[in-house]
Amino acid sequence: MEGKAFLLFSGGLDSVLSALLLKKMGFEVVGIHLTCPFFEKNLESVKEIAKKIGIDLKVIPVGDDYLELVKNPPHGHGKNLNPCIDCKAYMLKKLKEIAGESGIIATGEVLGQRPMSQRLDAFRKIEKIAGLEGKVLRPLSGKLLPPTVYEKEGIVDRNKLLSLKGRSRKEHPKLLESFGFKVDDFPTPSGGCLLTEPSFAVKVKDLMDHNELNWRNVELLKIGRHFRIGNCKLIVGRNKVENEVLKEKARENELTTTVPDYPSPIGLLTCDNPDDETVKTAASIVARYSDAKNEKQVNVNVYKNGKLIKELVVAPCYECERFMVKR
Ligand code: SF4
């Protein structure tokens, strides 16, 4: 056994192949899977994949410091709100913390696969930020990259590394077969990075602009329609499941609204003490998305801590698009 290899492990095919290669080289592989609401994978399927290829898996949630990085990435955002350079460096730093001096550090990155973070100069920059210059092994593209300290010290045999490049995955089936697997053995554990999606990024930006970026609010961005009414945010459920989640997620002192006499969404106002005008606007938006939308006047109930605190009569809001948080 060559010792331990700590591998950034998303559960995707590149990380699977890297793990298999490292195992073949004689390393005991520890997959490090970072969880983050911005790039969530199906954790159960990641665990299953790790088990299938016989590696240990450590699941590490990113911390609040990741949110700071999204707000103010020292090396800038990509096309949307994705801070790829700093995000990759953040991941490597986590790997370094866990690995300490007890093994080599590796990723499943492929040279030229992504424009911002997987070029040679970006690899170098990211390693430097993470304090890991020359200490990150990328087994899939290793032959095309400058030798790492592991190769220089004879811990890794450069001849056993691959020379994959670019986005193509046409080599993968053959490579997996050489390890006794098929591509179908590894269903993608779904979930790309939401920070790269324009419609999601605009909602994150809205939270940032209102100093409301926290993990709870990020999770709420994944459900409902989002409206900004002054300093207050209104989230309107789009179906029964979302309505239930919104009711559940309502914090003490936050208001929820609904139309009592018709099938209606739940609206959650995620701010403390909204003024009467804001509550009225929220009520008319909720009325607009209820089955009472064609009525001239609609009763809307307002709840706090599960108790009815106000009954309003409003006209459904047909100009409420302007409040919607969107591109
Ligand atoms: S796409 Fe998202 S998860 Fe991937 S490096 Fe960029 S910010 Fe990080």
Side-chain angles (χ1 to χ4, degrees), residues 6-19 31-43 45-46 49 57-98 105-132 136-138 140-141 145 164-167 169 188-208 213-215 217-219 221-222:
F6 294 86
L7 170 72
L8 211 49
F9 190 79
S10 66
L13 280 188
D14 291 338
S15 58
V16 166
L17 256 185
S18 302
I32 307 296
H33 181 75
L34 294 185
T35 58
C36 172
F38 290 125
F39 44 88
E40 241 168 3
K41 307 277 179 201
N42 179 330
L43 195 52
S45 96
V46 175
I49 290 169
L57 186 73
K58 276 192 196 306
V59 178
I60 313 282
V62 304
D64 291 348
D65 47 351
Y66 190 88
L67 286 174
E68 289 309 313
L69 206 125
V70 173
K71 274 194 242 170
N72 278 315
H75 298 85
H77 290 112
K79 214 167 165 195
N80 292 290
L81 272 185
N82 42 312
C84 293
I85 298 286
D86 295 295
C87 171
K88 289 278 182 188
Y90 181 96
M91 293 179 183
L92 286 183
K93 280 185 202 163
K94 287 274 171 212
L95 222 59
K96 186 173 143 191
E97 270 167 38
I98 297 160
I105 284 174
T107 75
E109 291 164 302
V110 172
L111 184 66
Q113 188 181 32
R114 291 183 205 285
M116 189 174 175
S117 60
Q118 292 181 217
R119 300 182 319 247
L120 179 55
D121 58 332
F123 283 164
R124 286 207 167 118
K125 194 193 253 183
I126 292 164
E127 288 177 14
K128 193 168 178 198
I129 303 167
L132 284 168
V136 180
L137 185 74
R138 297 174 174 91
L140 300 189
S141 294
L145 298 169
L164 300 187
K165 196 178 175 183
R167 288 171 176 267
R169 290 288 166 276
T188 313
S190 68
C193 176
L194 293 169
L195 291 167
T196 63
E197 287 180 17
S199 58
F200 195 84
V202 81
K203 291 188 270 182
V204 177
K205 176 82 171 51
D206 171 74
L207 291 180
M208 278 159 48
L213 189 66
N214 56 49
W215 292 122
N217 287 344
V218 169
E219 285 296 352
L221 293 186
K222 296 177 186 174

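Numbers for residues simply follow the sequence, beginning at 1. Both counts, for ligands and for their atoms, begin at 1 and track the order of listing.
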Student: Please lay out, stage by stage, how Glu127 and Arg124 fare under the test salt bridge (charged side-chain N to carboxylate O under 4.0 Å, His left out).
Tutor: CA-CA 5 Å; Glu127 288 177 14; Arg124 286 207 167 118; over 6 Å; no
Student: Check ligand 1 against Pro83 and write out every atom of the ligand that is under 4.0 Å from a heavy-atom position of the residue.
Tutor: 7 (S)
Student: Classify the ring geometry between Tyr66 and Phe38 as parallel (under 30°), tilted (30 to 60°) or perpendicular (over 60°).
Tutor: tilted
Student: With sequence neighbours left out, what residues match Glu97 under side-chain hydrogen bond (donor to acceptor under 3.5 Å, both in side chains)?
Tutor: none
Student: Using 0.5 Å steps for rounding, measure from the CG atom of Asn80 to the CZ atom of Phe200.
Tutor: 12.0 Å
Student: For atom 8 (Fe) of ligand 1, decide whether Cys87 has an N, O or S atom at a distance under 2.8 Å.
Tutor: yes
Student: Give the atom numbers and elements of ligand 1 that come within less than 4.0 Å of a heavy atom of Phe39.
Tutor: 3 (S)
